[in-house]
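Structure first, commentary second.
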Amino acid sequence: MANDVSAQQFNTDNFLTMPHGTGTFVISTGQRSTNLISSFALVPRFEFFVQGNLFRDYRIENYVQHFTTTVYAKYMFWANEENNGGGAVFFGFGRSPGYYQDTQFTQLHKNVWTAIPITIPLLNNAISWDIMPGALVDFNAKDRNESAWGFTWSSRLAIYKVIPKTAIVAEVYGTQGQAQSPAEYKIGLRYEPNDFIVPAISYSSQFKGAYGAGLEIGIVIFTPQFLRKDFIKNNHIIY
């Protein structure tokens, strides 16, 4: 679980928050969107996020580009004794994970969301299962200035001990209710060579056969805790 701490281009997150004083930067790009995420563990058990999303699908001719921002916070309220399972809660403004309205990102001030990531370790840590139910309210559903509620669901399996230092990741997600977005699946590989850099590649499509996120590549960069000399010397993040 040492590096399994970021959703990256995956919609589902796990229960962990980064150690106090750590920064996380995620860059991902693909056929549907380019995302930049920055998070800062300013308080123990809390992370604060700022995210920018450029949405443009080159597979669709004359598609209009959209840009949006998202701000949110994460609080880890429980972890088991082995620190490989537990629960957390998100609260944010902007695009909710897994929610797309008419393939467009929602506006920051017109979308409020929450989610609860729960991580369950299986088969002696060979599998990490993340479940993330949530809810949102879109105050401008379908650009009609109407409010709509939705239930967001997302689940991710990370399978270890098959490929060295690599997780095989499979994910499903979507939104149901007045605010809806089509269910999608995503599969990929996440290479975890050390505590500081985690690259990944994934492919996503809708279950109904329409376009999903498509092919994506991304990288997560973790900063040392307050850049302390002893931390840099040890070259290891302690969770």
Under a single-linkage definition using a 4.5 Å side-chain heavy-atom cutoff for Ile, Leu, Val, Met, Phe, Trp and Tyr, are [X] and [Y] assigned to the same hydrophobic cluster?
X	Y	answer
I163	L123	yes
V162	I187	no
I168	I120	yes
I27	L189	no
F93	F139	yes

So F222 and D195, side-chain contact (heavy atoms from CB on, under 4.5 Å) or not? Walk me through it.
CA-CA 7 Å; F222 304 105; D195 283 349; 5.9 Å; no
Give a yes or no answer on whether the side chain of [X] reaches the backbone of [Y] with a donor-acceptor pair at less than 3.5 Å.
X	Y	value
Q206	G212	no
T34	L54	no
Q178	W149	yes
Q31	R59	no
T22	A41	no
S96	A135	no

Whether over 12 other heavy atoms sit under 6.0 Å from [X] [atom1]:
X	atom1	result
I221	CD1	yes
W153	CH2	yes
K165	NZ	no

Hey, would you say the F48 and F40 ring centroids sit under 6.0 Å apart?
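Not under 6.0 Å, so no.
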With a 6.0 Å cut-off on ring centres, are W113 and Y72 close enough?
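Between Y72 and W113, which both carry aromatic rings, the centre distance is below 6.0 Å.
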What residue among F90, F77, Y75 forms ring-ring contact (aromatic ring centres under 6.0 Å, His included) with F46?
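Single ring-ring contact (aromatic ring centres under 6.0 Å, His included) partner of F46 among F90, F77, Y75: Y75.
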Consider side-chain hydrogen bond (donor to acceptor under 3.5 Å, both in side chains). Of [options], which one does [X] pass it with?
X	options	value
Y173	S155, S154, S204	S204
R156	D130, N11, D13	D130
Y99	T175, N111, T152, D138	D138

With side-chain contact (heavy atoms from CB on, under 4.5 Å) as the criterion, how do M76 and L16 come out once you've worked through the C-alpha distance, each side chain's angles and the decisive distance to 0.1 Å?
CA-CA 6 Å; M76 181 175 65; L16 278 172; 4.2 Å; yes
Within the structure provided, determine whether [X] and [Y] are in side-chain contact (heavy-atom separation under 4.5 Å).
X	Y	answer
F91	V112	yes
T223	F25	yes
Y211	S205	no
F15	P117	no
I197	I219	yes

Stepwise side-chain contact (heavy atoms from CB on, under 4.5 Å) test for F49 and I37:
CA-CA 7 Å; F49 297 78; I37 307 172; 4.0 Å; yes
Any salt bridge linking E184 with R32? Criterion: basic side-chain nitrogen under 4.0 Å from a carboxylate oxygen.
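Yes, this pair counts.
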salt_bridge(E216, K186) N-O dist < 4.0 Å
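A salt bridge is present here (some side-chain N lies under 4.0 Å from a carboxylate O).
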One pair to check against side-chain contact (heavy atoms from CB on, under 4.5 Å): V26 and T24. What are the steps and the verdict?
CA-CA 7 Å; V26 182; T24 306; 4.2 Å; yes
Might you work through the side-chain hydrogen bond (donor to acceptor under 3.5 Å, both in side chains) test for E171 and T12, ending with a clear yes or no?
CA-CA 8 Å; E171 180 183 48; T12 317; 2.5 Å; yes
Separation between [atom1] of [X] and [atom2] of [Y], rounded to the nearest 0.5 Å:
X	Y	atom1	atom2	result
T70	N35	OG1	CG	9.0 Å
L215	Q9	CG	CD	9.5 Å
N53	S28	CG	OG	8.5 Å

N84 vs N125, side-chain hydrogen bond (donor to acceptor under 3.5 Å, both in side chains): CA-CA, chis, key distance, verdict
CA-CA 8 Å; N84 59 4; N125 292 328; 2.7 Å; yes
Criterion side-chain hydrogen bond (donor to acceptor under 3.5 Å, both in side chains) on E81 and N83, from CA distance to verdict
CA-CA 5 Å; E81 293 182 358; N83 206 37; over 6 Å; no
So, for [X] and [Y], which heavy atoms are closest and what is the spacing to 0.1 Å?
X	Y	answer
A148	A179	CB-N, 3.9 Å
E192	R190	OE2-NE, 2.9 Å
Y191	P164	CE1-O, 4.4 Å
H20	V43	CD2-N, 3.9 Å
P133	F151	CB-CE1, 4.0 Å
V172	F207	CG1-CZ, 3.5 Å

